[in-house]
Amino acid sequence: MGCLVGAPALGIKVLGVPEMAPSMLLFRGRVFRSFRVSASSSSPHSSTESIRVRFAPSPTGNLHVGGARTALFNYLFARSKGGKFVLRIEDTDLERSTKESEDALLRDLSWLGLDWDEGPGVGGDYGPYRQSERNALYKQYAEKLLQAGHVYRCFCSNEELEKMKEIAKLKQLPPVYSGKWANATEMEVQEELEKGTPYTYRFRVPTTGSLTIHDLIRGEVSWSFDTLGDFVIMRSNGQPVYNFCVTVDDATMAISHVIRAEEHLPNTLRQALIYKALGFPMPRFAHVSLILAPDRSKLSKRHGATSVGQFKEMGFLPQAMVNYLALLGWGDGTENEFFTLDQLVDKFKIERVNKSGAVFDSAKLRWMNGQHLRSLPSEELTKLIGERWKSTGMVMESEGSFIQEAVQLLKDGIDLITDADNALSSLLSYPLYSTLSSPEGKPVLEDKLSEVAANLLAAYDSGDLSSALEEGSAGWQKWVKSFGKSLKRKGKSLFMPLRVLLTGKLHGPDMGAGLLLVYKAGRCGVVAPRSGFVTLDERFKMLREIEWESFGKDNPAVESAEAVPVSN
């Protein structure tokens, strides 16, 4: 654990200076503003104390998959340790924060199954859980730091600050505050107050020394104080800055572990100094790597869908999203890739989180979603897809034997719920002419397909085929065997031409099961018009109109007989 040597609960020892009260170290002149914060291997929170973690999103937009993964890791850590998962809304950006974004965040977290123990809608002993409702607390602690000498009033104008940056740039130095008001006399300060000059609160930073923490994911991380400069904790309009809010919130909410994105790693230095000055023990830190796009840049909107809400709308399952997000930088040490949320809780260890960036692979997420979809209980899967088909106008009813059989036949080709529409449409369609006109269809056409078609039409006209379909799978298999024997065909030589003639396609699910469903759909009235359904009668009518001799030429005679276009 990285902790500030100097926080009362940690066994204080500041290196390189006489032992004295922490406030004196930063206030009695600048001679004692040189110290080193060392790393400790143990947490300030003993094993008997409760584990408390937090997820603190800003309600300024949608929940990004990176934020969702951070929330997930916090949730898994808390649940695996028997601790508390706290949700805190960081809405200090009043111009960009909206109620709509907050509501969407809460919905997305709930959809993922990441229920929080404390926070909006739940309450708790450490509220309020929105930063906009905690301003009085921030002002209280800012005044405490002012009185102790850890912060001072800075009356510099924006123009002065810009000039300091320009000078530092010319000298090739970090753009840090020059410390103009750090040692002002009480009289100088009072004069500015009487004039009503706007001021900020700046935190006194040691001029030399360093901070070293032990990050649970990254190991030892160090910063030098001389790159920082005295920083603002309260703006001139009385609003607290991010690093001050976060530190006060985490400390007063008794957060034991801060698990967050690596982009917050630089904030640790400022926050550690504030922890020390306020006399709070530091939490343990774990900084999770960024989620990367396939080109290894930071994942952003230009790479496609990036928010949880978008993936939800696209038909992804929450359990698949949770499973995939957990694997972005974490593994249990085995080859297993499939976990339920409960299994993740049981297996999760923060030490197994990888510190290198994880690439977001949309294709793998889709594949994983398909695995989770097909692992659902049969009744649940049928209900899910049946309701989807009805809601999109593919079928008239979401239940019944046709729906059950169609789901069982088509499920292997469905990775997303939204795929179900195309899967059913493809089954019910009959793109015979486009198939026969394609390069792939040419070998089938040349294998005396017209002869097979003539015999198939005869079997249909005689009623033999319909009678066989009435008997179901057994009747179909008996008929196919007899039909093949009469043509002296078997195997691919029999089934490929039959598939093309009966389904209009070269590939697809089991031909017999599919044809039985087409036959049933023509009689039960469950299929809606927008599905693009071509009945068995309509298929054989199209077969009769084919002029085989002219088929395949530049202007095939059958073009005028093409069926009404259907979606595939």
Trainee: For Arg130 and Pro120, indicate whether the former's side chain and the latter's backbone hold a donor-acceptor pair under 3.5 Å.
Mentor: no

Trainee: Mind checking salt bridge (Lys or Arg N to Asp or Glu O under 4.0 Å) for Arg352 and listing every partner two or more places apart, or none if nothing turns up?
Mentor: none

Trainee: Judged by modelled atom types alone, do Asp93 and Thr60 share a side-chain donor-acceptor pair under 3.5 Å?
Mentor: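 Short answer, no.
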
Trainee: Tell me the closest heavy-atom pair linking Leu216 and Ala286, and the distance in Å.
Mentor: CB-CB, 3.9 Å

Trainee: Assess whether atom CD of Glu399 is packed by more than 12 heavy atoms of other residues, nucleotides or ligands within 6.0 Å.
Mentor: no

Trainee: Of the non-hydrogen atoms in Pro240 and Asn135, which two are nearest, and what is the gap between them?
Mentor: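 Answer, listing the atom of Pro240 first, then Asn135: CD-OD1, 3.8 Å.
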
Trainee: Between Leu211 and Leu273, does a side-chain contact (heavy atoms from CB on, under 4.5 Å) hold up when you go through it step by step?
Mentor: CA-CA 9 Å; Leu211 165 70; Leu273 290 169; over 6 Å; no

Trainee: With sequence neighbours excluded, what pairs up with Lys364 under the salt bridge (Lys or Arg N to Asp or Glu O under 4.0 Å) test?
Mentor: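 Partners of Lys364 by the salt bridge (Lys or Arg N to Asp or Glu O under 4.0 Å) criterion, ordered by chain and then number, come out as Glu337.
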
Trainee: Would Asn243 and Gln271 count as having a side-chain donor-acceptor pair, cut-off 3.5 Å?
Mentor: yes

Trainee: So, taking the atom named CG in Leu299 and the one named OG in Ser297, what distance separates them when rounded to the nearest 0.5 Å?
Mentor: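 That separation rounds to 8.0 Å.
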
Trainee: Walk me through it: do Phe316 and His372 pass the test side-chain contact (heavy atoms from CB on, under 4.5 Å)?
Mentor: CA-CA 10 Å; Phe316 285 87; His372 277 277; over 6 Å; no

Trainee: Please name all residues satisfying side chain to side chain donor-acceptor pair (under 3.5 Å) with Thr418, sequence neighbours left out, ordered by chain then number.
Mentor: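 With sequence neighbours excluded, Thr418 shows a side chain to side chain donor-acceptor pair (under 3.5 Å) to no residue whatsoever.
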
Trainee: If every non-hydrogen atom of Leu373 is compared with every non-hydrogen atom of Ile417, which pair is closest and at what distance?
Mentor: CD1-CD1, 3.5 Å

Trainee: Please list all pairs passing the ring pair (Phe, Tyr, Trp, His ring centres under 6.0 Å) test where one or both residues lie in residues 101-138, with sequence neighbours left out.
Mentor: none

Trainee: List in chain and number order the residues that pass ring-ring contact (aromatic ring centres under 6.0 Å, His included) with Trp223, two or more places apart in sequence or in another chain; answer none if no residue qualifies.
Mentor: none

Trainee: Side chain of Ser58, backbone of Glu90: donor and acceptor closer than 3.5 Å?
Mentor: yes

Trainee: Just wondering, do Leu114 and Leu109 contact through their side chains at under 4.5 Å, heavy atoms?
Mentor: yes

Trainee: Show every salt bridge (Lys or Arg N to Asp or Glu O under 4.0 Å) that has at least one partner inside residues 256-270, sequence neighbours left out.
Mentor: Arg218-Glu262, Glu263-Lys298

Trainee: If you look only at pairs with a residue in residues 325-334, which of them pass as a side-chain hydrogen bond (donor to acceptor under 3.5 Å, both in side chains), with sequence neighbours excluded?
Mentor: Asp332-Thr334

Trainee: Ring centroid separation for Trp181 and Phe155, is it under 6.0 angstrom?
Mentor: yes

Trainee: Check residues 72-84 and write down every donor-acceptor pair under 3.5 Å in which the side-chain atom is one partner and the other belongs to a residue at least two apart or another chain.
Mentor:
| from | atom 1 | to | atom 2 | distance (Å) |
| --- | --- | --- | --- | --- |
| Asn74 | ND2 | Thr70 | O | 2.8 |
| Asn74 | ND2 | Ile259 | O | 2.9 |
| Tyr75 | OH | Asp115 | OD1 | 3.3 |
| Arg79 | NH1 | Asp117 | OD2 | 2.9 |
| Arg79 | NH2 | Asp115 | O | 3.1 |
| Arg79 | NH2 | Asp117 | OD1 | 3.3 |
| Arg79 | NH2 | Asp117 | OD2 | 3.4 |
| Ser80 | OG | Leu76 | O | 3.0 |
| Ser80 | OG | Phe77 | O | 2.9 |

Trainee: Among residues two or more places apart or on two chains, list those pairs meeting salt bridge (Lys or Arg N to Asp or Glu O under 4.0 Å) that have a residue in residues 234-251.
Mentor: Arg54-Asp250, Arg88-Asp249, Arg88-Asp250, Arg134-Asp249

Trainee: Is Met368 close to Leu327 at the side-chain level, that is, under 4.5 Å between some pair of heavy atoms?
Mentor: yes

Trainee: With a 4.0 Å cut-off, would you call Lys383 and Glu379 a salt bridge?
Mentor: no

Trainee: Rounded to the nearest 0.5 Å, what's the gap from CD on Glu397 to CH2 on Trp389? Could you check?
Mentor: 14.0 Å

Trainee: Less than 4.5 Å apart, any side-chain heavy atom of His287 and any of Val221?
Mentor: no

Trainee: Hey, what do you get for OG (Ser375) to CD (Glu380), rounding to the nearest 0.5 Å?
Mentor: 9.0 Å

Trainee: Assess whether a salt bridge exists between Lys99 and Asp103, defined as any Lys/Arg side-chain N lying under 4.0 Å from an Asp/Glu carboxylate O.
Mentor: yes

Trainee: For Asp346, which residues count as a salt bridge (Lys or Arg N to Asp or Glu O under 4.0 Å) partner, sequence neighbours excluded?
Mentor: none

Trainee: I need the Leu269 CG to Leu228 CG distance, nearest 0.5 Å.
Mentor: 5.0 Å

Trainee: Under the ring pair (Phe, Tyr, Trp, His ring centres under 6.0 Å) test against Phe231, which residue among Phe203, Tyr152, Phe225 passes?
Mentor: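 Option passing the ring pair (Phe, Tyr, Trp, His ring centres under 6.0 Å) with Phe231: Phe203.
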
Trainee: Where do Leu105 and Pro59 come nearest, in terms of heavy atoms and distance?
Mentor: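 What the structure gives for the nearest pair is CD1-CA, 3.7 Å.
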
Trainee: Any donor and acceptor pair, going by atom type alone, linking the side chain of Arg52 with main-chain N or O of Met253 inside 3.5 Å?
Mentor: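 Yes, because the side chain of Arg52 sits within donor-acceptor range (under 3.5 Å) of the backbone of Met253.
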
Trainee: Would you say Ser101 and Thr98 are linked by a side-chain donor-acceptor pair, where the criterion is simply a distance under 3.5 Å?
Mentor: yes

Trainee: Taking salt bridge (Lys or Arg N to Asp or Glu O under 4.0 Å) as the definition, give me every residue that meets it alongside Arg153, ordered by chain and number, with sequence neighbours left out.
Mentor: none

Trainee: Less than 6.0 Å separating the ring centroids of Phe311 and Tyr324?
Mentor: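 For Phe311 and Tyr324, the ring centres are not under 6.0 Å apart.
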
Trainee: Atom CG in Asn323, atom CD in Gln371: separation rounded to 0.5 Å?
Mentor: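 Those atoms lie 10.5 Å apart.
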
Trainee: Please examine the side chains of Gln343 and Asn336, heavy atoms only from C-beta on, and report whether any two atoms are closer than 4.5 Å.
Mentor: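 Not touching, per the 4.5 Å side-chain cut-off.
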
Trainee: With the side chain counted from C-beta on, respond yes when Leu376 and Gln319 share a heavy-atom pair under 4.5 Å apart, and no when they do not.
Mentor: yes

Trainee: Can you check whether Asp215 reaches Leu265 side chain to side chain, under 4.5 Å on heavy atoms?
Mentor: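 With C-beta onward as the side chain, the pair touches.
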
Trainee: Going by side-chain contact (heavy atoms from CB on, under 4.5 Å), name the residues that satisfy it together with Ala142, two or more places apart in sequence or in a different chain.
Mentor: Tyr201, Ile233, Met234, Phe244

Trainee: Do the ring planes of Phe285 and Tyr275 sit parallel (below 30°), tilted (30 to 60°) or perpendicular (above 60°)?
Mentor: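 Aromatic pair Phe285/Tyr275 classed perpendicular.
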
Trainee: Supply the atom-to-atom distance Ile385 CD1 to Leu424 CG, rounded to the nearest 0.5 angstrom.
Mentor: 10.0 Å

Trainee: Looking at side-chain heavy atoms only, is the closest gap between Leu87 and Phe85 below 4.5 Å?
Mentor: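 Not touching, per the 4.5 Å side-chain cut-off.
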
Trainee: If every non-hydrogen atom of Leu365 is compared with every non-hydrogen atom of Ala320, which pair is closest and at what distance?
Mentor: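 Heavy-atom minimum between the residues: CD1-O, 4.1 Å.
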
Trainee: Please report the C-alpha distance between Arg69 and Ser289 in whole Å, then the side-chain angles of each, then the deciding distance to 0.1 Å, and finally whether the side-chain contact (heavy atoms from CB on, under 4.5 Å) criterion is met.
Mentor: CA-CA 10 Å; Arg69 185 190 59 170; Ser289 64; 4.1 Å; yes

Trainee: Does the pair Arg366 and Asp419 meet the rule for a side-chain contact (heavy atoms from CB on, under 4.5 Å), with working shown?
Mentor: CA-CA 11 Å; Arg366 183 186 177 92; Asp419 293 344; 2.6 Å; yes

Trainee: Check Asp230 against Val205 and note the closest heavy-atom contact, atom names and distance.
Mentor: OD1-N, 2.8 Å

Trainee: With a 4.5 Å heavy-atom cut-off, do Tyr141 and Thr247 have their side chains touching?
Mentor: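 Answer no - side chains too far apart.
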
